Amino acid sequence: MSIILLSLFLWVFWILAAGNSDLLTLIVGGVAAIFIGILWGKRLYVNSHKAFDIRRWFWALIFLFIFIWEIIKANFDVAYRVLHPKRPLSPGILYVKSQLKSTWGRVFLANAITLTPGTLTIDIQEDLLYIHCIRIKPNELSVLRNKIVARFDRYLIKIFD
Amino acid sequence: MAWNEWVGLAFIGVGVLFDALGCLGLLRFPDIYNRLQAGTKCVTFGTCGILLGILFHQGITTFGIKALLGIPFLLLTSPVGAHALARGAYKAGIPLWDKSVMDEYTQSESSRAE
């Protein structure tokens with residue numbers, strides 16, 4: 001199942017990237033996609049039962065909008081710190097705990113954290129994520145920990161777990 | 001010019017602005033970890049803006065669709081690159097900025113060099 005999914009995905013991607021639909025393009029892309037699909041399909045941990053669940057895709061769409069909004073906020077935040085003459089920084093590294101079980105979910109959580117305001121994922125150990133944070137107020141640690149993860153965790157759980 | 005070209009130019013302009021801010025951050029921030037923050041966020045957003053601008057400017061053509069395909073690639077790979085650099089820097093023993101508030105990563109087993 002995952003072989004077919006991967007092959008199909010690669011084939012569509014190839015057609016979009018090639019930008020034309022000659023017979024030769026379609027055949028060459030198809031052969032290559034099936035070849036790579038057979039090689040790698042088994043190693044790709046896709047749960048096809050989850051992949052066809054329409055509710056998960058619905059939550060993925062919502063997650064996408066929230067993600068884009070957070071990225072825009074992150075950029076104005078960093079731009080402000082870059083342009084501020086005194087550089088308002090008090091950086092540090094802290095750990096946060098995620099509720100996510102699936103590896104896919106953790107990867108997306110780590111990526112989302114990196115792209116949002118003042119946070120950069122340094123390492124993942126099982127359910128602990130080590131985050132470099134650009135501005136920490138030491139007396140509000142638990143609030144910050146919660147803020148970093150909860151924002152995305154509740155959507156990613158619905159998508160991946 | 002048609003409206004889509006104006007929208008495209010606006011997106012490209014915003015993108016270039018944020019790319020420039022990212023570069024400025026790279027110069028102004030104190031240590032590698034803070035610099036990576038500026039590098040990933042501003043540059044990813046700026047470059048996505050430029051690619052979107054190209055899509056609007058060109059419309060749904062081969063060129064525009066290729067630009068659109070670049071966006072998910074960038075969103076997936078740029079944070080992974082930043083993560084690898086930051087982790088590598090930490091393992092290589094590069095210290096945090098001396099005004100850093102805290103460091104909980106030292107407790108972790110994997111923070112030490114192999």
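All chains are named by letter (A, B, ...) in the order of the sequence lines, taking the proteins before the strands, and each is independently numbered beginning at 1. Note that the coordinates shown come from a computational prediction; the quantities given were computed from them, not determined experimentally. Side chains included, hydrogens not; waters and symmetry mates left out as well; all remaining heavy atoms used.
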Asker: Is it true that a side-chain atom of K97(A) and a backbone atom of L129(A) form a donor plus acceptor pair closer than 3.5 Å?
Answerer: no
Asker: Counting only heavy atoms closer than 4.5 Å, note whether Y33(B) contacts chain A via side chain, backbone, both or neither.
Answerer: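 It is both, since atoms from each part get that close.
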Asker: Side chain from CB out, backbone as N, CA, C, O: work out which of these in K66(B) comes under 4.5 Å of a heavy atom of chain A, or both, or neither.
Answerer: side chain
Asker: Could you tell me whether a side-chain N or O of W11(A) sits under 3.5 Å from a main-chain N or O of L26(A), the two making a donor and an acceptor?
Answerer: yes
Asker: Using non-hydrogen atoms only, which part of L76(B) is less than 4.5 Å away from chain A: side chain, backbone, both, or neither?
Answerer: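 Its backbone and side chain both get close to chain A.
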Asker: Could you see if L64(A) belongs to whatever hydrophobic cluster contains L75(B)? Use Ile, Leu, Val, Met, Phe, Trp, Tyr and a side-chain cutoff under 4.5 Å.
Answerer: yes
Asker: Using a 4.5 angstrom heavy-atom cutoff, name the option from I71(A), V107(A), L16(A), L115(A) with the most pairs to chain B.
Answerer: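 Of the candidates given, the most pairs with chain B belong to L115(A).
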Asker: Between I65(B) and chain A, which part of the residue has a heavy atom less than 4.5 Å away: side chain, backbone, both or neither?
Answerer: side chain
Asker: Is a side-chain donor or acceptor of D31(B) paired with a backbone partner of N34(B) at a separation under 3.5 angstrom?
Answerer: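 Pair found, side chain donor or acceptor close to backbone of N34(B).
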Asker: Is it true that a side-chain atom of H83(B) and a backbone atom of I122(A) form a donor plus acceptor pair closer than 3.5 Å?
Answerer: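 A pair under 3.5 Å: yes.
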Asker: Look at the rings of F56(B) and F11(B) and say which category their plane angle falls in: under 30° parallel, 30 to 60° tilted, over 60° perpendicular.
Answerer: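 Ring orientation of F56(B) relative to F11(B): parallel.
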Asker: Based on non-hydrogen pairs under 4.5 Å, which of L83(A), I72(A), L120(A), N111(A) is most in contact with chain B?
Answerer: N111(A)
Asker: With only heavy atoms counted, which part of I131(A) is less than 4.5 Å from chain B, the side chain, the backbone, both or neither?
Answerer: neither
